[in-house]
Amino acid sequence: AARPEDPLARSFRSPPPGARPWVYWFPLDGNITSNGITADLEAMARVGIGGVLYMETEQGTPKGPAAFAGPLWRALFTHACAEASRLGIEVNMNNDAGWCGSGGPWITPEMSMQKVVWTTTQVQGPRRFDGTLRRPEANRDYYRDIAVLAYPTPPNAARIPGIQAKASFIPARGSFSARATWPPLPADRVVDRSRITDITTSMSGDGKLTWEVPGGDWTVLRVGHTTTGKENHPAPEGGRGLECDKLSKEAAKIMFDGLMAKLVADIGPLAGKTLVSTHIDSWEVGSQNWTPRMREEFRARRGYDMLPLMVAMTGAVVDSPEISERFLWDLRQTISELLLENYAGAFREMARAHGLRLSIEAYTTCPTDELAYAGRCDEPMGEFWSWNHGGPGRYGAAFSCTAMSSAAHVYGRPIVGAEAFTAANTEKWLGHPGNIKDLGDWAFCEGINRFVFHRYALQPWTDPDRAPGVSMGPWGLHYERTQTWWEYSRPWHEYLARCQFLLQQGQFVADICLLGPEGSPQTLEGQRAIQSKEPGREGLPIERPGHNFDMCPPDALIKHARVRDGRITFDGGASYRILALPRAETMTPTLLKKIKDLLEAGAT
């Protein structure tokens, strides 16, 4: 009798549906019809597309009849899921309109991303001050006080360099790691922490302060918070609104309930079967450094009250450069932890409660360790650009493929997606499988094992005279049923499915586990800058060392690494011959102990 065929060989010959490539499916500002949905999905099924990442944008097209999240739009989305189910196509719904963040008209200023704002008033004592403190800036006319602090004004005040990024007012294009030593400053250049006085109770609700000023020159700091004002974009009007507070679990729930929970209820039993996932795209929403529970969270996580040291957030040096920089390190670390737990972690919990997975493009100036951010989702996603975006060659955003694959390996995530073959202003219907295949093969070698083609613009018409139909402005590879080569593309998709099936099997094995620096943020673009000599911003060496490697955040090493047969092995099964430490001057005791434990267990 013939031996049964090897299952791996059988699935390579005829890959399962889960191995097929996907597409980003972009409706343009309500230009959606039921016939167009059906024609699009049937065209995808004919050529072997396995899934769609639904993401509606506004790119200057005339408005269509289906306003985002309105009654007609929701009925059409339900129709799309029903047709996808009929055709065996899976759906991943972006968590909002546009291609960045998590926002919408259901997010109020109170639930939006927050930032610290302040005003200063100079007073001289001894005397009784009886006046109104100027209110700090208030975006959307939303402002809440945090405290009123007073301190003796240093005669020759020093400033903290790079305070905007260090205090997370703006995204940091780099990586921060703690220094071992800091130069001292004379007493006349720093704010004496022991003399910072909380006089909040001396100010009334309308900002009137009554205070007995001690002798000398004093700075009175009225500090509060307001919305950053950042909105999701580029979103149709019906889906546009403030970005939710990324540090608040309550705000994340309001965001999820504002769209995804409603769609899950609309489609009933297709949730978890056809609608299988929700998605958060690349971080393009700036930064934030406050949330209503920040002071309580900071004390619980860092062990001290942040209030006096908030003076350092204004750029003043409190006590010494070392004390101020340590506080700012703690501030960024707290922001990072809250984002990981209350945004990414909360979204994953809510998605799973509804039978869904979560995918994230965890990069581009996130105020956290981006690899740890990727580890909080079920399916990390990178991206790579075709044609000539961002320089003389292709491979734009290539770092994200290496990094998201690394995160998937050390956190045990079997699927690593990629926004594949995207472009800007250059493609113009010139692309086809034959002239992008080599770029796709490169992405496979970087660890990507699911292509999500960017992009398929939803075609609302079935009239062939309208070809090539709706475009998405300058963006992406034209990958629609209106392409001249569309009906000939099935062999190409079958090739990709065979590659993707094999790449989704087994466990990753490499030579080097390349540990990232501690501290937040750790942005992948910053770690790409191999040897930054600026103190405190030492880069991570991710040039090709001649051996295969993965990057690993300290979070993953501490929680998931162990030693087996001399190899550093992670819970998900990935293993490495050696652990390479980052070029950083410092290490926390927690990480140091973990490395000691690994060494004692036989790691190199």
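The first residue of the sequence shown is numbered 1, and numbering continues consecutively from there. Keep in mind the model is a prediction, meaning the values are calculated, not measured.
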Q.
If you define the side chain from C-beta out and look only at heavy atoms, does anything of P308 sit under 4.5 Å from D305?
A. yes

(Q) Taking the side chain as everything from C-beta on, heavy atoms only, tell me whether I323 gets closer than 4.5 Å to W182. (A) no

Q. With H454, which of F26, W475, F384 fulfils ring-ring contact (aromatic ring centres under 6.0 Å, His included)?
A. F26

Q: Examine F68 together with W73 and report whether their ring centres are nearer than 6.0 Å.
A: yes

(Q) Looking at every non-hydrogen atom in both residues, tell me the closest pair between D206 and K208 and how far apart they are. (A) OD1-N, 3.2 Å

**Q.** Heavy-atom neighbours of E250 CD exceed 12 at 6.0 Å
**A.** no

Q: Determine whether more than 12 heavy atoms belonging to other residues, nucleotides or ligands lie under 6.0 Å from atom NZ of K594.
A: yes

Q.
Test side chain to side chain donor-acceptor pair (under 3.5 Å) on S112 and Q114; report intermediate values, then the result.
A. CA-CA 6 Å; S112 68; Q114 303 289 303; 3.3 Å; yes

Q. Should the heavy atoms of other residues, nucleotides or ligands under 6.0 Å from CZ of R189 be counted, would the total exceed 12?
A. yes

(Q) Restricting to non-hydrogen atoms, name the atom on R159 and the atom on A316 that form the minimum distance, rounded to 0.1 Å. (A) NH1-N, 3.8 Å

Q: Measure the spacing between OG of S287 and CD of Q164 and express it to the nearest 0.5 Å.
A: 10.0 Å

Q) Among K246, R302, R332, which residue meets the salt bridge (Lys or Arg N to Asp or Glu O under 4.0 Å) test with E337? A) R302

Q) Under 6.0 Å from the CZ atom of R134, do we count more than 12 heavy atoms belonging to anything else shown? A) no

**Q.** Heavy-atom side-chain contact between R348 and D378 under 4.5 Å
**A.** yes

Q. Looking at L259 and N95, what are the two nearest heavy atoms and their distance?
A. CD2-O, 3.5 Å

Q) Which distance, rounded to the nearest 0.5 Å, do you find between the CE of M587 and the CD of E585? A) 12.5 Å

Q | Partner of S102 under side-chain contact (heavy atoms from CB on, under 4.5 Å), chosen from M255, M260, M113 | A | M255

Q: May I ask you to test the V410-P553 pair for a side-chain heavy-atom distance under 4.5 Å?
A: yes

**Q.** Under 3.5 Å side-chain donor-acceptor pair for T120 and T219
**A.** no

Q) Under 3.5 Å, is there a donor-acceptor pair linking the side chains of Q288 and T228? A) no

Q: Taking the side chain as every heavy atom from C-beta outward, state whether P136 and T119 have any atom pair closer than 4.5 Å.
A: yes

Q | Sub-4.5 Å side-chain heavy-atom contact between Y304 and D330 | A | yes

